[in-house]
Amino acid sequence: MLNPKLLKSEDGIRCIKENLKKRQWDTKDFDFFLEEYYKEKELKQELENLQAQRNQNSKQIGILVREGKQKEADELKAKVKEIGEKIANIKIKINELDDKVKEVLLSLPNILDSSVPEGEDESNNLLVREWGNKPTFDFDPLPHYEIATKHNYIDFERGVKLSGSRFYVYNEEIAKLEREIIRFMLNLHREDGYLERMVPFLVNDESMIGTGQLPKFAEEFYRIEKDALSLIPTAEVPLTNLYRDEILSEKDLPILLTAATPCFRREAGAAGKDTRGIIRVHQFQKVELVILSHPEKSSEHHEALTKQAEKVLQKLNLHYRVMLLCSGDTSAASAKTYDIEVYMPGSKRYVEISSCSNFLDYQARRAKIRYKNSDGKNDYLHTLNGSGVAAGRLVAALMENYQKKDGTIDFEKIYSLIR
RNA sequence: GGAGAGAUGUCAGAGUGGUCGAAUGUGCACGCUUGGAAAGCGUGUGUCCCGCAAGGGACCGGGGGUUCGAAUCCCCCUCUCUCCGCCA
């Protein structure tokens with residue numbers, strides 16, 4: 001959620017509108033929202049005045065009754081009853097507006113950092129740095145999905161039989177490989193100060209609102225209507241919401257968290273995209289990194305968080321590049337995002353394997369995660385997260401980068417790198 | 001799943017219609033005291049919104065209702081605990 005103070009000044013409103021345009025969002029709804037927002041504010045003011053009147057008179061009635069002045073009390077009661085009816089009417093009007101206003105307020109995207117380049121889509125993302133080199137082969141390397149079927153590493157047919165398209169089954173060595181790299185990643189992050197958590201994979205709506213999945217992105221995850229719970233699309237949700245509705249002490253910051261979880265995504269808008277292999281699937285595992293930071297330190301932490309994710313790829317000797325996402329490609333909750341894209345020699349392309357974002361106070365406001373600053377005042381902290389890294393995509397990358405001429409994978413080499 | 005009990009501030013715990021944002025204890029912060037500490041004494045100590053301020057409004061798990069007035073009465077929901085059942 002944006003700082004509501006922005007809505008109070010012309011500068012603030014201009015800033016929100018420019019930000020919407022930069023993100024390629026529609027500003028029509030926002031103008032309509034502003035009208036309702038101010039209307040609601042006015043009504044709230046009126047409500048408070050009436051409530052003040054009622055409180056005062058009710059107190060008076062209490063005094064009159066105690067003094068035995070029954071008649072005067074009854075007269076006043078009739079008057080206050082009228083006020084009560086007015087209050088009830090205004091409350092109805094406010095409630096009608098409130099749902100709409102809240103929804104828009106929760107749907108407005110974060111203000112982008114000034115360093116974010118303008119652009120429509122991923123073609124406008126900015127190359128920040130590259131690490132390593134594309135591997136060379138004395139044969140024509142295969143994409144991971146061909147390796148997968150050639151040696152029965154991954155069973156796509158039975159995955160589909162069990163659950164439908166975009167589901168799969170890992171066999172033997174690949175099942176083990178994913179288990180091993182998750183262990184490796186968690187241990188690596190723990191060594192660098194991240195606290196490991198094992199969290200629920202189903203969360204309530206408050207949690208989904210807290211990190212920004214609701215109300216606007218309800219199509220992108222699985223929700224179990226019967227129990228009003230959602231399957232987490234990323235461990236960002238439970239990890240960040242761990243501290244929802246809490247006020248932390250300044251000395252507790254920063255809090256570095258990590259967790260390995262499965263992630264569930266509907267991929268509703270991705271029909272026909274990445275249909276082969278395990279790049280875009282409904283269920284995958286991921287090691288997540290989350291930082292709760294002092295507001296002044298978040299951009300430092302953002303760089304460190306990204307480097308932490310890069311470390312995983314460096315240890316595995318995988319060539320990658322870091323991209324600064326352009327305005328049109330940055331997710332709504334994020335002010336600034338770096339994607340780490342690993343090189344896949346079989347597919348001959350770079351694939352996003354980690355996305356590291358600084359949300360500033362956007363999620364903290366929604367989730368009411370605060371800290372008590374040195375003046376003893378409560379203030380919203382900053383949240384950040386990044387994959388460290390997506391395990392499924394890492395498996396695919398390892399398959400392509402460590403494939404041998406006969407289509408098998410050099411597991412020995414991989415395991416030697418992760419001990 | 002069935003039966004019952006409960007949810008109040010950091011915590012414990014009082015409060016069953018007005019003078020209650022809320023006793024008391026505890027914790028915490030500051031001060032006094034002390035060679036230093038403990039004890040003791042004193043003061044302060046929830047959150048959010050509107051407002052330049054004065055001030056006003058809301059919040060006693062959440063939502064609705066009764067009433068001039070609700071922490072308190074009524075209804076619904078959620079969660080916690082106990083017992084029974086079931087179960088990895």
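The chains referred to below are lettered A, B, ... by the order of the sequence lines, with proteins before strands, and numbering in each begins at 1.
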In Watson-Crick or G-U wobble terms, both distances under 3.5 Å, what is the partner of [N]?
| N | answer |
| --- | --- |
| U78(B) | A7(B) |
| A88(B) | none |
| G36(B) | none |
| A53(B) | none |
| A70(B) | none |
| G44(B) | C28(B) |
| U19(B) | none |

[X] side chain, from C-beta outward: closest of [options]:
| X | options | result |
| --- | --- | --- |
| R370(A) | U47(B), G18(B), G57(B) | U47(B) |
| E48(A) | G57(B), C68(B), G51(B) | G57(B) |
| Q45(A) | C50(B), G18(B), C48(B) | C50(B) |
| A52(A) | G57(B), C68(B), C48(B) | G57(B) |
| N55(A) | C50(B), G18(B), G57(B) | G57(B) |

Inter-nucleotide [atom1] distance ([N], [M]), Å rounded:
| N | M | atom1 | answer |
| --- | --- | --- | --- |
| G27(B) | G65(B) | P | 43 Å |
| C49(B) | U66(B) | P | 30 Å |
| U72(B) | G15(B) | P | 15 Å |
| C59(B) | G21(B) | C1' | 9 Å |

>> C68(B), OP1 or OP2 - any side-chain N/O from R54(A) closer than 4.0 Å?
In response: no

>> Check this one for me: any side-chain N or O of K8(A) less than 4.0 Å away from OP1 or OP2 of C50(B)?
In response: yes

> Which is true for I61(A) with a 4.0 Å heavy-atom rule: it touches a base, it touches only sugar-phosphate, or it touches nothing?
Replying inline: base

>> Applying a 4.0 Å non-hydrogen cut-off, can you work out what K368(A) is touching in the nucleic acid: base, sugar-phosphate, or nothing?
In response: nothing

Is atom [atom1] of [X] surrounded by more than 12 heavy atoms (other residues, nucleotides or ligands) closer than 6.0 Å?
| X | atom1 | answer |
| --- | --- | --- |
| E196(A) | CD | yes |
| K86(A) | NZ | no |
| R349(A) | CZ | yes |

>> Show me the pairs that pass side-chain hydrogen bond (donor to acceptor under 3.5 Å, both in side chains) and involve residues 67-81 of chain A, at least two apart or across chains.
In response: E67(A)-K69(A), Q70(A)-D74(A)

> Hey, does the side-chain of Q51(A) have a donor or acceptor N/O within less than 3.5 Å of a partner on the base of G57(B)?
Replying inline: no

> Ring centres of H302(A) and Y338(A) under 6.0 Å apart?
Replying inline: yes

